[in-house]
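Structure, as structure tokens:
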Amino acid sequence: MPGNQFTLDDLKTVLRQAAGTDEGVDLDGDIIDTSFDDLGYESLALLETASRIERHHGISLDEDALGEAQTPRELIDLVNTHLPAA
Amino acid sequence: MTTATWVTGLGVAAPTGLSLAEYWAATLAGRGAIGPVTRFDASSYPARLAGEITGFVAEDHLPSRLLPQTDRMTRLALATADRAFADAGVNPADLPEFDVGVITASHSGGFEFGQNELRALWSKGGQYVSAYQSFAWFYAVNSGQISIRHGLRGPSSVVVSDQAGGLDAVAQARRQIRKGTAMVISGAVDASICPWGWVAQLTGGRLSTRDDAERAYLPFDDDATGHVPGEGGALLVLEDAGHARARGARVYGEIAGYAATTDPRRDSGREPTLQAAIEGALADSGVEPADIGAVFADAAAIPELDRVEAEAIAKVFGPSAVPVTAPKTMTGRLYSGAAPLDLAAACLAMRDGVIPPTVNTRPSPAYDLDLVTGAPRAAALRHVLVIARGHGGLNSAMVVRAVDPSAAADH
């Protein structure tokens, strides 16, 4: 089983696989509160990212809540509310 | 006066070369690229040869952001568009965004991408299907991705009419330039050498099932038995003549004339209409048959279709009265990509005064055609005709005209 906490590193791995990295964007920089828009990810990229997270963790993310997650921190928090506590 | 549409940039993606120089050198040398399929294991399929593009590494050309969302044909098209703009000496980002459009043709969309997602759907479940399947398979996706990459917001569309589409798209681009758009990148790049694309083609019944690469695709030969599929195509930077002149662009030629016809039902007893398409393209160009220096044939390599094409050419030009060639015998048929590649070859043929050869074919005496075989033939070319036909009786013909350097210079 995957670990019980979804981390920024986990998210970066999924983002790279699901949607790649925009030119001029450094995912290894301080991105936790940078908007997905500024990171070059549009709604479809986030849909694909969320779909991979759901598959991997066997969870189902609420579509409306997903749409409201504008930054890595907000998406990570959303995912963690769906994971069983450590 | 209607503005002229000039070809000012060429980008090719051919099994025989990814750069213009490499492609043209191979084409003049008669160096074909048809061989056993390597993109998947075709050994158990009835057709096993293809004209594949080797040595294209998408990662070398495209940002990682584009890789998860693009089919092979789109990756090739994006790299080809980059080369076409570079060849034209244009950075589209420097032009007003509504001045440049993109109009491509597509034969079947992103088949390999679609195949992979369908496999995921049926073997693992819907949650494994990429969100990018929503557009990555789509016919219009090459136009869309080229538009996004270069910020082109002029008239943009896709034409779907099988092999004829390669000319139909360029004709549509010319219409938009006549209506006031300064520049349109147009043509087609197709690539669907994957099991799904393969069985779709097999169903059409037009694929050669031979294993000898030199005897598999033989248009206008008594031994013709279907075609070998290839992948690739070309994109042309088309430009309003005044715009091209003002920026001192190098000019390959003018898109001088075009016509398209649709055949009557085969059981109607009426004649096919390719001849009318050729005559229409000549009339649209304002030239006589004697002005045409060479014909790039559709070259179906289906005896009935070869006969129709040979008869149409002989009726318009007279028996064996015009040199005819089919360099696509080196690449296989590229579907919508074929005619744009022929247009590129026609431009280079006019530039260099040479008609590239048809390879492998031994011309049948049954046809009154002067087929250029064996070696390139020197010829001063002012006008070249390109023919492309699509499934279902679609016939398109286009005339490319040489442009004198003095006309291209800014006055």
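What's counted below: heavy atoms across the whole structure, side chains too, no hydrogens, waters or symmetry copies. Lettering of chains follows the sequences in order, A, B, ..., and the numbering in each one begins at 1.
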> Can you name the closest pair of heavy atoms from A:E48 and B:A131 and give their distance?
Replying inline: OE1-N, 2.6 Å

> At what distance, to the nearest 0.5 angstrom, does OG of B:S64 lie from CG of A:L15?
Replying inline: 10.5 Å

> Do you know the tightest heavy-atom contact between A:A18 and B:P68?
Replying inline: O-CB, 3.3 Å

> Do you know which of A:T49, A:T21, A:D22, A:V25 has the most heavy-atom pairs with chain B at a distance under 4.5 angstrom?
Replying inline: A:T21

> Is it the side chain or the backbone of B:Q69 that comes within 4.5 Å of chain A heavy atoms, both, or neither?
Replying inline: neither

>> Looking at chain B, which one of A:E54, A:R52, A:E42 has the largest number of heavy-atom pairs inside 4.5 Å, strictly under?
In response: A:E42

>> At a 4.5 Å cut-off on heavy atoms, which part of A:A45 comes close to chain B: side chain, backbone, both, or neither?
In response: both

> Are there more than 12 heavy atoms of other residues, nucleotides or ligands under 6.0 Å from atom CG of A:D30?
Replying inline: no

>> Nearest 0.5 angstrom please: B:L66 CG to A:E23 CD, how far?
In response: 8.0 Å

> Using non-hydrogen atoms only, which part of B:Y128 is less than 4.5 Å away from chain A: side chain, backbone, both, or neither?
Replying inline: both

> Any chance CD of B:E59 has more than 12 other-residue heavy atoms, nucleotides or ligands included, within less than 6.0 Å?
Replying inline: yes

> So which part of A:Q17 gets closer than 4.5 Å to some heavy atom of chain B, the side chain, the backbone, both or neither?
Replying inline: backbone

